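Quick note on labels: first sequence line is chain A, next is B, and so on, each numbered from 1. Treat the numbers as computed from the prediction; the structure is a model and nothing was measured.
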There are 4 protein chains.
Amino acid sequence: MSSPKERIIATTFELFARQGYNSTGINQIVAEANVAKASFYQYFKSKEDLCVEFLNVRHEYWFNELNSFVSKEKESKSKLMSSFDFLIYMNQKEDFRGCSFLNILSEISSDNVKILNVIQNHKKDVRNYFSQLIENKDLADHIYLLFESSIIESQLFRSNELIETSKKIITQLI
Amino acid sequence: MSSPKERIIATTFELFARQGYNSTGINQIVAEANVAKASFYQYFKSKEDLCVEFLNVRHEYWFNELNSFVSKEKESKSKLMSSFDFLIYMNQKEDFRGCSFLNILSEISSDNVKILNVIQNHKKDVRNYFSQLIENKDLADHIYLLFESSIIESQLFRSNELIETSKKIITQLI
Amino acid sequence: MSSPKERIIATTFELFARQGYNSTGINQIVAEANVAKASFYQYFKSKEDLCVEFLNVRHEYWFNELNSFVSKEKESKSKLMSSFDFLIYMNQKEDFRGCSFLNILSEISSDNVKILNVIQNHKKDVRNYFSQLIENKDLADHIYLLFESSIIESQLFRSNELIETSKKIITQLI
Amino acid sequence: MSSPKERIIATTFELFARQGYNSTGINQIVAEANVAKASFYQYFKSKEDLCVEFLNVRHEYWFNELNSFVSKEKESKSKLMSSFDFLIYMNQKEDFRGCSFLNILSEISSDNVKILNVIQNHKKDVRNYFSQLIENKDLADHIYLLFESSIIESQLFRSNELIETSKKIITQLI
DNA sequence: GATGAATGAGCCTTCATTCAT
DNA sequence: AATGAATGAAGGCTCATTCAT
């Protein structure tokens, strides 16, 4: 069996993404990870710390999935469109739970700089991702903005409709 | 002095918007509203019910503020641009706390239909708002999507930068 | 429609018998009786007072039902046996909820003389009931004791088995 | 000093027997047991669970006391009579609080199978107890029924009169 | 390195009752 | 005669965290 820390992270990865940050208690995590309460606090100073770790793991996971998904395409423009299909793919896979980063953003207090930074860095990377696909910086930001709203609107309406709308818009833009 | 119910709603209006749903306890609400706990439950069946009431009040407040803000403009296109300036105005007024509806969306479980419906209806109205300003339906949705990401990105980065970006984009679109 | 007091009593009659004393709140009573809270306290000084009223009403109801049930029989011995069939009849009618008096006895604190007296008087009347059917005082008490245990044992096991056992015993006694 | 769990059980043992189930709050238990609220819930999933534990402890205690009490007698018939004296002994010791199992039976809702089972099993054991003392099964049940009513009637009237009556009856039966 | 035991503060909700009109 | 509004106290339960070993 894996180490306690690994089991904590694996369990947290699943629970935070599915239930959210505040709705997931340390009790549930240590119970499902089969780890002693005190062991948890040996690896994570606080729940906040665990959250940072979660976001880091999620960051890596998310970009891996994204890159893997769009790697089927060769051209930049195809990769771009495929990025929006990736959202549809994720919505199906995770039942329209939206973006873990934005969800946690809504759950923390605005002076929680530690977590805020991690979320900001993730989104900066997303923005960069589009900048690398598209030469025109303004266009890249434009698409980034459509990407972001695609995520939250599909979460809100539990539907991919506005992702498709975004795809249509982008087809005309590029 | 005002009635207990009014005080509860006023206090909730402030606290839910500032601290979020889960981070605001009934205890804090009744304490700051100077109301007995049991009085609270005479007016609201549950915290969930209070949330619905809050969202309704917030809905009305938000659209009133928006309409009042853009009423300075006469032309549709000016009203449109002014809507984005409204976001800047609100960010300053509320310290970049973002959209109460989207924030609460992130806090509830996805099977909470009661609250989900209220949030969806609010956003449908926002979408409608742009549909009434712009004849071209596709363009209206396009702008709605930019509006939504403008809200969350400015919340995330505590900056109006991407609102300005959106404004620039829209200037070119219309 | 009937008067508030009547509605309170009717509702209480149903709820106390079905749910028990402690599990039935004043709130539920006034809600189901469609009576204002303050109206309730105009007729009943306290929940305890209502309990006394309930027990009195129940007393009358129970003896009426019993006498009506056994009135089919003419002979004393037949009435006696029929009294135990009455328990079977009531168990079916009220789903083995047992004796309201003994149930409430278990719910009150032992220094609650007011309610205790009402319960004692009811049971004295039951004991008298058998004394009037049977000349032999000792035998009457004997049967009273079997009657009492018949009630609680059938409540406990949700079965009439021990009532039938009692009947068999009594057949041999008389 | 003893462990929290032991203190909880000891306190509960006293309070449930004395005040009853519904009238004893978790708050009072943890206060008198000098235990943190959360500690309580580490050992007992719910108040219902504590009730089951209480009934189990009480079951063991009660039979131990009974067997110890009647062990002074050698003959079955003497043990039988002594069992009724045990009730008198307990009434004095516990101030006519009656049977914890029957008292709790009156406090729970009839669909509470978990607790109901424990109560039923206790009483089955009591019934068995008499079956082992008396060969004649019907007579054993007869005495069991007198035993049960002896308990509740002495609780109700705060008097051992009907226990003595039962003893007299039994003397004639055996 | 790993743990089980213990905690104080707080969660949402309901209780029986009294007030002013 | 009847009411709607308001309440303090308590209900059962869960939170993230720390302690001693």
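Atom CD in Gln19(C) sits roughly 10 Å away from atom P in dC15(E) (whole-Å rounding). Whole-Å rounding puts the Ile29(C) CD1 to dT17(E) P distance at 11 Å. In this structure, CZ of Phe44(A) is placed 18 Å from C1' of dT18(F), rounded to the nearest angstrom. We find that CD1 of Ile8(B) is positioned 14 Å from P of dC12(E), with the value rounded to whole Å. Atoms CG (Asn22(C)) and P (dA16(E)) sit 8 Å apart, rounded to a whole Å. For the pair Gln28(A) CD and dC15(F) P, the computed distance is 8 Å after rounding to whole Å. Glu6(C) has its CD atom 11 Å from the P atom of dA2(F), to the nearest Å. Here dA6(F) presents its P atom at 13 Å from CG of Asn34(B), a figure rounded to the nearest Å.
Nearest-nucleotide positions on DNA chain F place Pro4(C) closer to the 5' end than the other of Lys45(D) and Pro4(C). Two residues, Asn27(D) and Gln42(D), neighbour DNA chain E, and the one matched to the more 5' nucleotide by heavy-atom proximity is Gln42(D). Nearer the 5' end of DNA chain E, as judged by each residue's closest nucleotide, is the contact made by Ala38(D), out of Ala38(D) and Lys47(B). Toward the 5' end of DNA chain F, the nearer of the two residues Ala36(B) and Thr24(A), judged by each one's closest nucleotide, is Ala36(B).
Between Tyr41(D) and dC13(F), a side-chain N or O to OP1/OP2 separation shorter than 4.0 Å is present. Remark: Ser39(B) is in phosphate contact with dT7(F), judged by side-chain N or O atoms under 4.0 Å from OP1 or OP2.
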Run the side-chain hydrogen bond (donor to acceptor under 3.5 Å, both in side chains) test on Glu107(B) and Asn103(A) for me, step by step, so that the C-alpha distance in whole Å, both residues' side-chain angles and the decisive distance to 0.1 Å come before the verdict. CA-CA 7 Å; Glu107(B) 299 208 51; Asn103(A) 284 338; over 6 Å; no

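Aromatic ring orientation, Phe101(C) versus His59(C): perpendicular (interplanar angle above 60°, classes split at 30° and 60°).
Checking dT3(E) for Watson-Crick or G-U wobble geometry (two distances, each under 3.5 Å) identifies dA20(F) as its partner. Searching all strands for a Watson-Crick or G-U wobble partner of dA10(F) with both distances below 3.5 Å returns dT13(E).
Within the 6.0 Å centre-distance limit, the rings of Phe13(B) and Tyr61(B) are counted as a close aromatic pair.
Tyr43(A) comes within 4.0 angstrom of sugar-phosphate atoms only, judged by non-hydrogen atoms across all strands, and of no base. Within the nucleic acid shown, Ser23(B) has no heavy atom closer than 4.0 Å to any nucleic acid atom.
Checked by distance alone, Lys37(D) brings no side-chain donor or acceptor within 3.5 Å of a matching partner on the base of dT14(F).
Minimum heavy-atom separation, Pro4(D) to Tyr43(D): CB-CE1, 4.3 Å.
Relative to the six-membered ring of Tyr21(C), Lys47(C) meets both conditions, a distance below 6.0 Å and an angle of at most 45° to the axis.
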